[in-house]
Amino acid sequence: MRKAIIISDSFKGTLSSQEICRIARESFAKLQPDCRLLTIPVADGGEGTVACFHEACGGELVTVPVQGPYGETVEASYLQLPDHRAVIEMASSSGLPQVGDRKDPCRTSTFGVGQQIRHAIEAGNRQILVGLGGSCTNDGGCGCAASLGVEFLDAEGKPFVPVGGTLDRIAAIRLREAEKLLRDVKITAMCDIDNPLYGPTGAAYVFGPQKGADAATVEFLDGQLRAFDAMLRRELGRCVAEVPGAGAAGGFGAGMLAFFRAELQPGIEAVLDMVGFDRLLRGCDLVITGEGQLDSQSIRGKVISGVGRRSYWRGVPVVVIAGSVLPEMENITEQEELGVRAVFSVNRRAMDFSRSRHFSQENYRSTLENILRLITAAEHMRSAR
């Protein structure tokens, strides 16, 4: 094998993408030492996104003081890449780790995310990727917008910064200053969900409880998001509530679309574009990808589907290593356009996840190394002919 790529999602709660890449480097060095191996860690836009891009693309981490969810000062880092590109994860300034047991989506703000974006723009960046994951907010991205120059006015004409519990106070919006700042800047948001802004499958009902909202608060927040949507339609003429992903990060997806005309992109597609995956596939003999559980969601915009289809278009076979494989996916190799040639589960013994999770590293290593031994055997057979 001349060249191979490892690009796997994490196995949630057991193996990080970086750990998988490390195991792969060690195993290839032992069993396929002449193979040129490229390892690309993957994150979904939440906590760890910047670290994954840093490992995959290099670049420089830039740390800036910004406002945290409640206005306190926090240190947040973004990744500076060549060619005026930057990667930001909203979780670093407006994420659940910042609030701990002080969860309150009615009061938390995305203001600090906007400060990071502003810093990146003022540093000369013209292409900015923002990961929308792990948020503690439900403000529709208004805090971020305010820090970038969007002005929100209440019924008395007084400016204020809306939060999740005050979206219905917005009476007018002024975009002029933000449009000046964002001229010639392209913002792309990594978004791995397709939830709308409001309703039973919207931001508040689906994600509000994990941010600290009880049933009554969820209903209240959903009403706030409905008012937010009505305001966007009235003031900006922008109808974004039903766009898949509008409900991401407490409605931040909708705010990205309405305030910045950003592009919402599945996380894996953003990763593949940013690392130049199509170019990396040239001369590649094999791609190994995977995730914790291979199920029907795996082929709907997740890592395996994005990697598989792009590899298939370029004639590169794909092998999947997963923590577990549900019966519904037994015929995945028959779906030709996915490019998946073989699927392996790391769970080598009939063992419940509560037990097997403690052996994830050794099970992944063993599975990968058995695959490499099989490839080596096939190479020897071919050379012996």
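What's counted below: heavy atoms across the whole structure, side chains too, no hydrogens, waters or symmetry copies.
Contact detail for T63 and S77: the closest heavy-atom pair is OG1-OG, 2.6 Å. Looking at every heavy atom in both residues, A246 comes nearest to V240 through CB-O, 3.3 Å. Contact between A56 and V275 at its shortest, heavy atoms only, is CB-CG1, 4.2 Å.
The aromatic ring centroids of Y78 and F53 lie 6.0 Å or more from each other.
With respect to the salt-bridge test (charged N to carboxylate O, under 4.0 angstrom), the residues R2 and D285 qualify. Under 4.0 Å is where a charged nitrogen must lie from a carboxylate oxygen, and between E26 and K30 no such pair does. Ion pairing between a basic and an acidic side chain is recognised when a charged N comes within 4.0 Å of a carboxylate O; R169 and D154 show such pairing. Taking the charged nitrogens against the carboxylate oxygens, K180 and E177 do have a contact shorter than 4.0 Å, which makes a salt bridge.
Remark: side-chain polar atoms of D229 are not paired, donor with acceptor, to backbone N or O of L225 under 3.5 angstrom. Side chain of T110 to backbone of C144: a donor-acceptor contact under 3.5 angstrom is found. One N or O on the side chain of S8 and one on the backbone of G290 form a donor-acceptor pair closer than 3.5 Å.
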For this session: Give the C-alpha distance, both sets of side-chain angles, the deciding distance and a yes or no for salt bridge (Lys or Arg N to Asp or Glu O under 4.0 Å) between E151 and R176.
Result: CA-CA 9 Å; E151 190 174 26; R176 185 173 59 184; over 6 Å; no
For this session: Any chance you could lay out the side-chain hydrogen bond (donor to acceptor under 3.5 Å, both in side chains) test for S93 and Q116, step after step, and finish with the verdict?
Result: CA-CA 9 Å; S93 58; Q116 288 182 274; 3.1 Å; yes
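Under a cutoff of 6.0 Å and an axis angle of 45°, R310 and F277 do not form a cation-pi pair.
Aromatic ring orientation, Y364 versus F11: perpendicular (interplanar angle above 60°, classes split at 30° and 60°).
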